Amino acid sequence: MEVEPRLHFVNVADVPWTEVIAQLHGERRVSVHEKFLEWNAKRMVVLGRYDPHVVIERHGHASDHLVYVLDGELLVGDRPCPPGTLIILELGATFGPLVAGERGALLFEVWMGDPRPVPADKEEYLALLKAKGIVRLPNPAFTKPDTAPKHADDGKDLSRRDRTPASAAAPASRGPGLPSAG
C-alpha cells in the first residue's frame, strides 16, 4: 500500500513548550525549552528557546542538523551567531560549546533523520561547567509526541562510533532531555 505524500500545517501557538535541559546558575534555574513542531522517523523540527547563558556541550548529531538563529545570540565555540545566522552541521561534524547570550536565544532547528546528540568530549563539558560554577541538573523527563519513534536507548547519549551514515539511515529518535541546537 502506497502512502500519499501529505500536506500538513502546524501553528506554533498550538504547540506547548517542553523543558529538555536544566542547569543551576547559582540559585537560578536555566533551561532549554523546545516546541516539537514535527517529529517522526524522517525529520525533527523544533522551535528552541535557550535561557540566557545556558551552556550546551560540544557535540554532533546522528544526522544532518540545521540551526537558524531567530532572536538573541548564540556563541558556538568562539563564533558569535546573531539573528540571521544559519548553522549547518553535517553528519560527522561537531559544534560548541553552545552558550546563549545575555537575552538568551530563539532558534529554528531541523534534523534530517536521527536527531540524537553525540557528545564530543563529556569531560571537557563537565570541566567547563565547573569553571563557570554551573550545576548540571538531571534532564527533565517529558513525553515524546506520538509520531516520534521510540527506542530502548531513548534518553542516552550516543557515542562517536554511533554517528555514521549507516546508523543515520536507521530511523531513531531523540530521547527525553537530550540537547537541542545542537
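In what follows, every heavy atom counts, from backbone to side chain, and hydrogens, waters and symmetry copies are set aside. Quick caveat, the model's predicted, so the values are computed rather than measured.
- At a threshold of 4.5 Å between non-hydrogen side-chain atoms, the residues Tyr50 and His33 do not count as touching.
- Using a 4.5 Å cut-off on side-chain heavy atoms (C-beta onward), Ser31 and Glu19 make contact.
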Chi angles and distances behind the side-chain contact (heavy atoms from CB on, under 4.5 Å) call for Val67, Leu89: CA-CA 8 Å; Val67 180; Leu89 184 70; over 6 Å; no
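- To the nearest 0.5 Å, atoms CD1 (Ile87) and CG (Leu74) are separated by 5.5 Å.
- Aromatic ring orientation, Phe142 versus Trp39: tilted (interplanar angle from 30° to 60°).
- At a threshold of 4.5 Å between side-chain heavy atoms, the hydrophobic network of Ile, Leu, Val, Met, Phe, Trp and Tyr places Leu107 and Val99 in two separate groups.
- Across all their heavy atoms, Pro83 and Leu70 have their closest contact at CB-O, 3.6 Å.
- Remark: Arg49 is positioned above the aromatic ring of Trp17, its terminal NZ or CZ atom under 6.0 angstrom from the ring centre and at most 45 degrees off the axis.
- With rounding to the nearest 0.5 Å, the separation of CG in Leu66 from CD in Glu90 is 9.5 Å.
- Among the candidates Val45, Thr147, Val110, the single residue satisfying the side-chain contact (heavy atoms from CB on, under 4.5 Å) test with Glu38 is Val45.
- Judged by distance alone, with hydrogens and angles left aside, the side-chain atoms of Asp64 form a donor-acceptor pair with the main-chain N or O of Leu91 at under 3.5 Å.
- With sequence neighbours left out, Asp121 forms a salt bridge (Lys or Arg N to Asp or Glu O under 4.0 Å) with no residue at all.
- Shown here is Asp14, whose CG atom has more than 12 heavy atoms of other residues, nucleotides or ligands within 6.0 Å.
- Under a 3.5 Å cut-off, the side chain of Asn40 and the backbone N or O of Ala148 do not form any donor-acceptor pair.
- With rounding to the nearest 0.5 Å, the separation of CD in Glu57 from CD1 in Ile21 is 8.0 Å.
- By the salt bridge (Lys or Arg N to Asp or Glu O under 4.0 Å) test, Glu124 is found to be paired with Arg58, residues two or more places apart in sequence or in another chain being considered.
- Judged purely by atom type and a 3.5 angstrom limit, Gln23 uses its side chain to pair as donor or acceptor with the backbone of Val55.
- At a threshold of 4.5 Å between non-hydrogen side-chain atoms, the residues Arg29 and Leu137 count as touching.
- Taking all atoms of both residues into account, the shortest heavy-atom contact from Arg136 to Leu129 is CB-CD1, 3.7 Å.
- Residue Arg28 qualifies as enclosed at atom CZ: its count of foreign heavy atoms under 6.0 Å is above 12.
- For the atom pair CZ of Arg103 and CG of Leu106, the computed distance is 10.0 Å after rounding to the nearest 0.5 Å.
- In this structure, Val30 is not a member of the same hydrophobic cluster as Leu128, with clusters built from ILVMFWY side-chain heavy atoms closer than 4.5 Å.
- Under a hydrophobic clustering in which Ile, Leu, Val, Met, Phe, Trp and Tyr are joined whenever their side-chain heavy atoms come within less than 4.5 Å, directly or via other members, Tyr125 and Leu98 fall into different clusters.
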Trace of the side-chain contact (heavy atoms from CB on, under 4.5 Å) decision for Tyr68 with Glu109: CA-CA 6 Å; Tyr68 185 78; Glu109 302 180 69; over 6 Å; no
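- Checked by atom type and distance alone, the side chain of Lys42 never pairs as donor or acceptor with a backbone atom of Met112 at under 3.5 Å.
- In this structure, Lys35 contributes its side chain and Val15 its backbone to a donor-acceptor pair below 3.5 Å.
- Of all heavy-atom pairs spanning Gly104 and Ala100, the tightest one is CA-CB, 4.0 Å.
- When all heavy atoms are compared, the tightest approach of Asp78 to Pro80 is O-CD, 3.3 Å.
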Candidate pair Val46 and Phe108, rule side-chain contact (heavy atoms from CB on, under 4.5 Å), full reasoning: CA-CA 6 Å; Val46 304; Phe108 179 78; over 6 Å; no
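- In this structure, Leu24 CG and Ile134 CD1 are separated by 10.0 Å, a value rounded to the nearest 0.5 Å.
- Atom OG of Ser63 and atom CZ of Arg43 lie 12.0 Å apart (nearest 0.5 Å).
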side-chain contact (heavy atoms from CB on, under 4.5 Å) between Val20 and Phe36, intermediate numbers included: CA-CA 11 Å; Val20 296; Phe36 303 119; 4.1 Å; yes
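- Nearest heavy atom pair, residue His25 against residue His53, reads CE1-O, 3.0 Å.
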